[in-house]
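One structure below.
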Amino acid sequence: MIVLGIETSCDDTAAAVVEHGIAGAGARPRLRANVVAAQDVHREFGGVVPELASRAHLDLLPGAVERALAEAGLGFAEVDGIAVTRTPGLLGSLLVGVSYAKALALALDRPFVGVNHIEAHLLAPLLEGAVLELPAVGAVVSGGHSEIFLVHAIGTYSIVGTTRDDAIGEAFDKVAKLLGLGFPGGPVIDRLAARGDPDRHPLPRGMAASGDLDLSYSGLKSAARRLVEGPAGAALRADAASAEAERFRVDVCASFQVAAVDPLLGKLETAARRYGARSLVVGGGVACNSRLRAGLVALGARLGVPAFRPSPALCADNAAMIALVGGFRLARGERDGYDLEPVPGLEESGLASAGTPL
Ligand code: KG4
Ligand code: ZN
């Protein structure tokens, strides 16, 4: 079964082709094409502008789908089903993908299903041959999300921890902006942190000792702003190209990265021990972070369980994970109707309630 996946929930316009096995439950889904058209329009604003995002999706989506099919060496007629991100995300952006999927399904006379983007992030490692031992503990960490999940079964999840304020990726992006490092800032901070001293500027670790599984990033963000705008940041303001400014930048990056990532690793460990996790998984753009990836591997080794962190292209927003999860549903005979509507909020997405195990 050839499944075309479509993802337009935020600022990446993505299309992918996944081939689902027909030889019984053991057959592994195979990734045939994975196209992501990143939208450049947001760069100059230092963040995602929802109205611009939906317009850019309209422009980019048809080309992305054509490229994905061409990469897979397939034509429209060979698509057996369509999977599209339905929730959560920006309403206008989701609407572009859902409308396109409905129109294509109608034109090709093929079934389509709406997919939960967060569920897709959690299951992305299955595209790389992972076998998720259950129950699993996973985190979805991106510019809009910082949630810790308990995966009871494929299709049944509980949110066991969440951020009380900002998402971790948003904190990375804010601090990068303060330091003049551009947008999105996570990858730059990660790179510079490797050369910095993480103990040079101790920053607060939100909720690290709270006893529950929640996270917080607003205190860390404010402390980083006070640091950069205070006396320690004088060199940066005087001459951003000086060696002194460079030293300050890399040390702030290293200190911030430790304060942002370590509480998350701590909460993952608490959750894994509390629920007897038999595997660990991370997804979302921040799952590209080198400290998080190394820390997860170390945690898995300590607990004696596998730790899955998908390759960067499958951590960031992509349509391959959408085609993966949608394909499971289509294979079970599930179909959505033309009355399917996008659902922007995670709370309303139905993810945390007990679903039907796939
Ligand atoms: O999942 P994603 O592509 O889009 C959504 O936000 O939904 O995640 C993007 C986020 C951005 O905040 C970006 O700065 C962050 O992921 N990110 C990273 C790294 N690579 C991307 N954060 C920390 N370290 C990285 N290496
Ligand atoms: Zn995402």
Side-chain angles (χ1 to χ4, degrees), residues 5-14 16 34 36-39 42-43 45-50 53 57 84-90 93-94 97 115-124 138-147 149 163 166-179 181-194 196 217 220-221 224 253-254 256-265 281-296 309-322 324-325 344-346 349 351:
I6 291 165
E7 153 65 40
T8 64
S9 66
C10 189
D11 62 335
D12 290 304
T13 311
N34 191 17
V36 179
Q39 301 183 355
H42 310 287
R43 219 167 264 274
F45 298 98
V48 179
V49 185
H57 285 308
V84 61
T85 304
R86 179 201 184 197
T87 185
L90 301 168
S93 291
L94 289 167
V115 170
N116 187 306
H117 177 94
I118 302 297
E119 176 179 22
H121 271 307
L122 282 171
L123 301 186
V140 176
V141 279
S142 70
H145 291 277
S146 306
E147 284 102 27
F149 290 88
T163 177
D166 306 318
I168 181 171
E170 190 189 333
F172 268 93
D173 294 337
K174 269 288 157 44
V175 170
K177 197 169 172 181
L178 281 171
L179 293 170
L181 301 175
F183 173 83
V188 189
I189 290 188
D190 194 353
R191 208 171 59 240
L192 297 187
Y217 288 100
L220 171 58
K221 238 169 57 177
C253 287
F256 165 79
Q257 181 164 276
V258 167
V261 170
D262 287 17
L264 170 63
L265 285 166
V281 57
V282 287
V286 181
C288 296
N289 184 265
S290 57
R291 186 173 181 88
L292 177 56
R293 292 171 83 84
L296 194 82
R309 59 242 179 269
S311 54
L314 293 175
C315 284
D317 283 349
N318 68 85
M321 63 183 191
I322 305 301
L324 172 83
V325 173
L346 179 65
S349 75
L351 185 68

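Predicted model only: the values in this text are computed from it and were never measured. Remember, it's 1-based here, ligands and their atoms both numbered in the order they're listed.
In Asp190, the part holding a heavy atom less than 4.0 Å from any atom of ligand 1 is the side chain. Counting heavy atoms under 4.0 Å from ligand 1, residue Asp173 touches it through the side chain alone.
Side chain of Asp12 to backbone of Ala14: no donor-acceptor contact under 3.5 angstrom is found. Looking at Asp173, its side chain does come within 3.5 Å of a backbone N or O of Gly185 through a donor-acceptor pair. Formation of a donor-acceptor pair under 3.5 Å by the His57 side chain with backbone atoms of Cys10 is found in this model. For the pair His42 (side chain) and Val49 (backbone), a donor-acceptor distance under 3.5 Å is present. A side-chain donor-acceptor contact under 3.5 Å links Thr8 to the backbone of Gly97. No donor-acceptor pair closer than 3.5 Å links the side chain of Arg309 to the backbone N or O of Cys288.
When all heavy atoms of Asn34 and Ala313 are compared, the closest pair comes out as ND2-O, 4.2 Å. Residue Ala259 comes nearest to Leu220 through the heavy atom pair CB-CD1, 3.7 Å, listed as atom of the first residue, atom of the second, then distance. The two atoms that bring Leu292 and Leu265 nearest to each other are CD1-CD2, 3.7 Å, heavy atoms only.
Close approach of ligand 1 to Cys288 is summarised as follows: ligand atoms under 4.0 Å from at least one heavy atom of the residue are 20 (N), 26 (N). If you number the atoms of ligand 1 from 1 as listed, the ones under 4.0 Å from a heavy atom of Gly169 come out as 12 (O). Heavy-atom proximity to Gly144, at under 4.0 Å, picks out these atoms of ligand 1: 6 (O). Every atom of ligand 1 with a heavy atom of Gly285 under 4.0 Å away is listed here by number and element: 1 (O), 2 (P), 8 (O), 16 (O), 17 (N), 18 (C), 19 (C), 20 (N), 21 (C). Against a heavy-atom cut-off of under 4.0 Å, Ala316 is close to the following atoms of ligand 1: 3 (O).
The 12-atom threshold is not exceeded at NZ of Lys174, counting heavy atoms of other residues, nucleotides or ligands nearer than 6.0 Å.
Protein heavy atom at the shortest distance from atom 15 (C) of ligand 1 is Val286 CG2, 3.8 Å. Looking only at protein heavy atoms, the nearest one to atom 24 (N) of ligand 1 is Asn289 ND2, 3.0 Å.
For Gly186, a nitrogen or oxygen atom sits less than 3.5 Å from a nitrogen or oxygen atom of ligand 1, counting backbone and side chain alike. At least one N/O-N/O distance between Gly143 and ligand 1 falls below 3.5 Å. Backbone and side-chain nitrogen or oxygen atoms of Cys315 are examined, and none is located within less than 3.5 angstrom of a nitrogen or oxygen of ligand 1. Of the polar atoms of His117, none of the N or O atoms is found under 3.5 Å from an N or O of ligand 1, judged by distance alone.
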Q. Passes side chain to side chain contact (heavy atoms under 4.5 Å, CB included), Val281 versus Leu122? Steps please.
A. CA-CA 7 Å; Val281 57; Leu122 282 171; 4.1 Å; yes
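We find that Arg291 and Asp190 are not joined by a salt bridge, their nearest charged nitrogen and carboxylate oxygen being 4.0 Å or further apart.
Residue contacts with ligand 1 leave out Cys10, since none of its heavy atoms falls under 4.0 Å from the ligand.
The number of protein N, O or S atoms lying under 2.8 Å from the Zn ion (ligand 2) is 3.
Checking Asp11, Asp317, Val140, Val48 against atom 5 (C) of ligand 1, the nearest heavy atom belongs to Asp317.
Rounded to the nearest 0.5 Å, atoms CZ (Arg191) and SG (Cys253) are 10.0 Å apart.
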